[in-house]
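Source: prediction; values computed, not measured.
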Amino acid sequence: MIYQGNALSVANNGDGIAILTLDLQGESINKLSSAVIRELQDAVKNIQSEKGLRGLMIKSAKDAFIVGADITEFHGMFAKDEEFLFNMNQEVHSLFNAIEDLPFPTVTAINGLALGGGCELTLTTDFRAMAEKAQIGLPETKLGILPGWGGCVRLPRLAGADNAIEWIAGGTQNKADAALKNGVVDAVVPLERLEAAALDMLARANADELNYQARREEKKSPLKLNAIEQMMAFETAKGYVAGKAGPHYPAPVEAIKVIQKGAGESRERAQAIEAKAFAKLAKTDVCFNLVGLFLNDQLVKKKGSKYEKQAMAVEQTAVLGAGIMGGGIAYQSAYKGTPIFMKDIKDEAIELGLKEARKLLSKQVERGKLTTEKLAEILSNIRPTLSYGDFGEVDLVVEAVVENPKIKGAVLSEVEGHVDEKTILTSNTSTISITQLAQNLTRPENFCGMHFFNPVHRMPLVEVIRGEKSSDAAIAATVAYARKMGKTPIVVNDCPGFLVNRILFPYFGGFSLLVEQGADFERVDKVMEKFGWPMGPAYLLDVVGMDTAVHAGEVMAQGFPERMAQKGKNEGKTAIQVMFENDRLGQKNAKGFYVYEEDRKGKPKKVSDDQAHSLVKQVASDRQEFSDDDIIARMMVPLCLEAVRCLEDDIVGTPAEADIALIYGIGFPPFRGGALRYIDAQGVAEFVELADRLSAELGPLYAPTDKLRQMAEKGERFYASDAQVNQAQA
């Protein structure tokens, strides 16, 4: 044995080949933590001093190769100054260069995921063999940073500038065939032949059939591009990527600049440029929040996994109500491999649901993601029916009929009589109390909420709502099914609006007050879109539908009358109600705060409309100008305060789950980390002071809670440290 550590070992295979095996003890995956990097440094020193070696193969004993650096260390590490971060990266560069400069050929056997630092480690060796189902990539820009361990230096020299820019700026995970085509790997083979193929490369290199020194020199030398080629490759890419990434995500464009600056430099000089840029990005708020978002997502996944382990098998499901929503649920279930009955009482509704599923599948075929044969197979997993004939074999039912408590209650009571006593019933309701809907059921313990967001195939969040009598078994099965559908489920407790809509409607309340006091709703939209929302509040209301917004608003007002019942002029009538009363429902009938025309792709395009502005004047004061900061404060404070209340009321279990739900459910700007991280970023005391100032003028919607005041006095935060994201409670 040449070296034995906790995360890796090195052994001579008896033929002069050092086999470095990555196998982090106590973990299901390999990751490059600080401790693992130290072990790798020791291992490389031992390899350098070992006599008689003729090659090195790096491999993994786990299903994945290396998933990247240990992101749980990032917040603590990135809190240090830029000089520390620069030196840290330079230390890793020295280590990786030592591997690249070993006096014999080297190869990596990539058996599974090789991401981030794991991908960068593979680039240090002369050759790479990759299993057919493995994936490789550099996703660092999705965390607000860039590859800092040589990815911006070595990948362009191996794959060409264009391919490297696409991989790095996009943060993509790439399949083996794409890696081979782009020159990132040298061979793609079945997993069972992977190590043999890697060892064969070393043997051929030692026999001078493969020139490993030439491959090595290529990675260490400047890019072979003249000035015109460089300008075309980099300047065009910067403009395109800046447009795609937007102004709030600087890392993708910065990565291109690093590749450009290092293109004409030697290996070491290019690495120094990379390390400096990495250190600068690591200190940004965007990076801090995106890393926090990743950690929050991991906590939610861990919680979901725990529920899944306790759940009964969900092999056959059903959806009641075959409209657009029912069709979307049926599509998602069938697409992810769970057969589903789609029941309605009308043939026309069944056809509408099937049409929705066919439309979504056809788009996948057009994009080359599905074959027509696979489309037919998926469609066969959707069984339309007008009766309950086969419901005795159903494990879980999703009720998705009209949002009316009496109708939903009757349908749920009816279906309960046709299913097995162990079948789980769920309701896809956005506002109606799960406890209330359970009242007419004989087995209320088998019932919970399963709230999908529209459109089902795009929105990642599913709220799993626990009613007063919902059992752990019902919750676990519903979480497991949501995960099987490729969704992110978050378990919440029952209350009006549940979690996401309860938090969203104070945001709409802030919008209504702004408009009432003379703000131009189009300007409010522009300010909030500049803040980072995918669409402003008026535009979002048009997408939600004014009828849906009015109904949900009434539910919120009944549940939380002190702060959510409108008390303005015109007997509390809002601009939203004015639109509804004038049959301006939004995109569903092509007129709301805006009017909608079809663009070239057949999608609705919003257009400013004078009539909408005239109607709003019924409830608005004379035009008043608000600063951008005033608009942001008036919109964000109510939303953030309701998130605080949901946490305090135990509607949601952790700050991480609340923030993830808002990002995945309503498009809260990811680079801001979520409502509770947003409060932390402002400072809890400063946020309370702002809320107090606004509530003095605008009332209870803006009033801080007593607990929040106590947090401010004690100097506390919602994310006191990111260690809490990784606690055993997950």
Side-chain angles (χ1 to χ4, degrees), residues 82-83 85-101 106 116-117 119-128 137-138 140-141 145-172 174 179 181-186 211-245 250-282:
E82 286 188 36
E83 184 181 3
L85 294 169
F86 175 83
N87 291 333
M88 175 198 73
N89 275 11
Q90 288 291 73
E91 188 177 343
V92 177
H93 282 312
S94 295
L95 167 62
F96 282 14
N97 291 349
I99 296 171
E100 192 163 50
D101 295 340
T106 57
C119 172
E120 288 171 299
L121 177 59
T122 76
L123 300 180
T124 65
T125 58
D126 303 314
F127 306 106
R128 281 151 296 285
L138 295 166
E140 284 87 348
T141 55
I145 48 177
L146 49 76
W149 291 349
C152 294
V153 180
R154 292 187 175 95
L155 189 63
R157 287 153 173 77
L158 277 171
D162 289 346
N163 290 327
I165 287 168
E166 186 177 339
W167 279 37
I168 293 171
T172 52
N174 305 280
K181 179 183 175 184
N182 291 333
V184 180
V185 300
D186 303 284
N211 190 340
Y212 75 92
Q213 293 286 11
R215 296 295 304 277
R216 194 173 288 188
E217 191 58 34
E218 184 181 31
K219 288 188 290 170
K220 294 164 70 172
S221 302
L223 267 176
K224 296 176 177 62
L225 291 175
N226 62 40
I228 294 174
E229 288 170 331
Q230 284 205 31
M231 184 189 73
M232 291 185 68
F234 297 118
E235 297 306 322
T236 304
K238 279 190 282 189
Y240 175 77
V241 169
K244 291 279 284 184
V253 173
E254 190 61 33
I256 299 172
K257 291 178 181 176
V258 166
I259 297 171
Q260 183 177 20
K261 288 176 186 174
E265 303 288 349
S266 64
R267 179 182 68 180
E268 283 75 9
R269 175 60 191 146
Q271 288 171 344
I273 292 168
E274 180 190 78
K276 185 177 180 181
F278 178 98
K280 180 181 175 185
L281 285 171

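Taking D101 as the reference, K220, R267 meet the salt bridge (Lys or Arg N to Asp or Glu O under 4.0 Å) condition, with sequence neighbours excluded. With sequence neighbours excluded, the residues satisfying side-chain hydrogen bond (donor to acceptor under 3.5 Å, both in side chains) with T125 are T108.
Using a 4.5 Å cut-off on side-chain heavy atoms (C-beta onward), I99 and L121 make contact. Side-chain contact check for I165 versus F234: some heavy-atom pair is nearer than 4.5 Å.
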Item to check | Residues W167, L138; criterion side chain to side chain contact (heavy atoms under 4.5 Å, CB included); working and verdict | outcome: CA-CA 7 Å; W167 279 37; L138 295 166; 5.7 Å; no
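Taking CG of L223 as the start and CD of E218 as the end, the distance is 9.5 Å to the nearest 0.5 Å. Atom CD of residue E274 and atom CZ of residue F86 lie 10.5 Å apart, to the nearest 0.5 angstrom. A distance of 8.5 Å separates CD in E166 from OH in Y240, rounded to the nearest 0.5 Å. How far CD1 of I259 is from CD of E254: 11.0 Å, rounded to the nearest 0.5 Å. Between the NE2 atom in H93 and the CG atom in N87 there is a gap of 11.5 Å [rounded to 0.5 Å].
Although no hydrogens or angles enter the test, the distance criterion places a donor-acceptor pair under 3.5 Å between the side chain of K219 and the main chain of T124. Here the side chain of N174 pairs a donor or acceptor atom with the backbone of T172 at under 3.5 angstrom. Side-chain atoms of R215 never come within 3.5 Å of backbone atoms of F127 as a donor-acceptor pair (strictly under, hydrogens ignored).
Taking both residues in full, the closest heavy atoms of V241 and P252 are given as CG1-CB, 3.5 Å, listed atom of the first, atom of the second, then distance. Minimum interatomic distance between L225 and A161 (heavy atoms only, all atoms of both residues): CD1-CB, 4.1 Å. Pairing each heavy atom of L85 with each of A282, the nearest pair is CD1-CB, 3.9 Å. The two residues C119 and G137 come nearest to each other via the heavy atoms CB-O, 3.4 Å. The two residues T141 and G170 have their closest heavy-atom pair at OG1-C, 4.4 Å.
Within 6.0 Å of the CD atom in E91, the count of heavy atoms belonging to other residues, nucleotides or ligands does not exceed 12. The environment of K276 atom NZ is sparse: at most 12 non-hydrogen atoms of other residues, nucleotides or ligands sit within 6.0 angstrom.
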Under 3.5 Å, side-chain donor or acceptor atoms of residues 148-159 against the rest of the protein: list the pairs with distances, not counting sequence neighbours.
{"residue": "W149", "atom": "NE1", "partner": "N89", "partner atom": "OD1", "Å": "3.2"}
{"residue": "R154", "atom": "NE", "partner": "E100", "partner atom": "OE1", "Å": "3.2"}
{"residue": "R154", "atom": "NE", "partner": "E100", "partner atom": "OE2", "Å": "3.0"}
{"residue": "R154", "atom": "NH2", "partner": "N97", "partner atom": "OD1", "Å": "2.7"}
{"residue": "R154", "atom": "NH2", "partner": "E100", "partner atom": "OE1", "Å": "2.9"}
{"residue": "R157", "atom": "NE", "partner": "S221", "partner atom": "O", "Å": "2.7"}
{"residue": "R157", "atom": "NH1", "partner": "V153", "partner atom": "O", "Å": "2.8"}
{"residue": "R157", "atom": "NH2", "partner": "G262", "partner atom": "O", "Å": "3.0"}
{"residue": "R157", "atom": "NH2", "partner": "E265", "partner atom": "O", "Å": "3.2"}

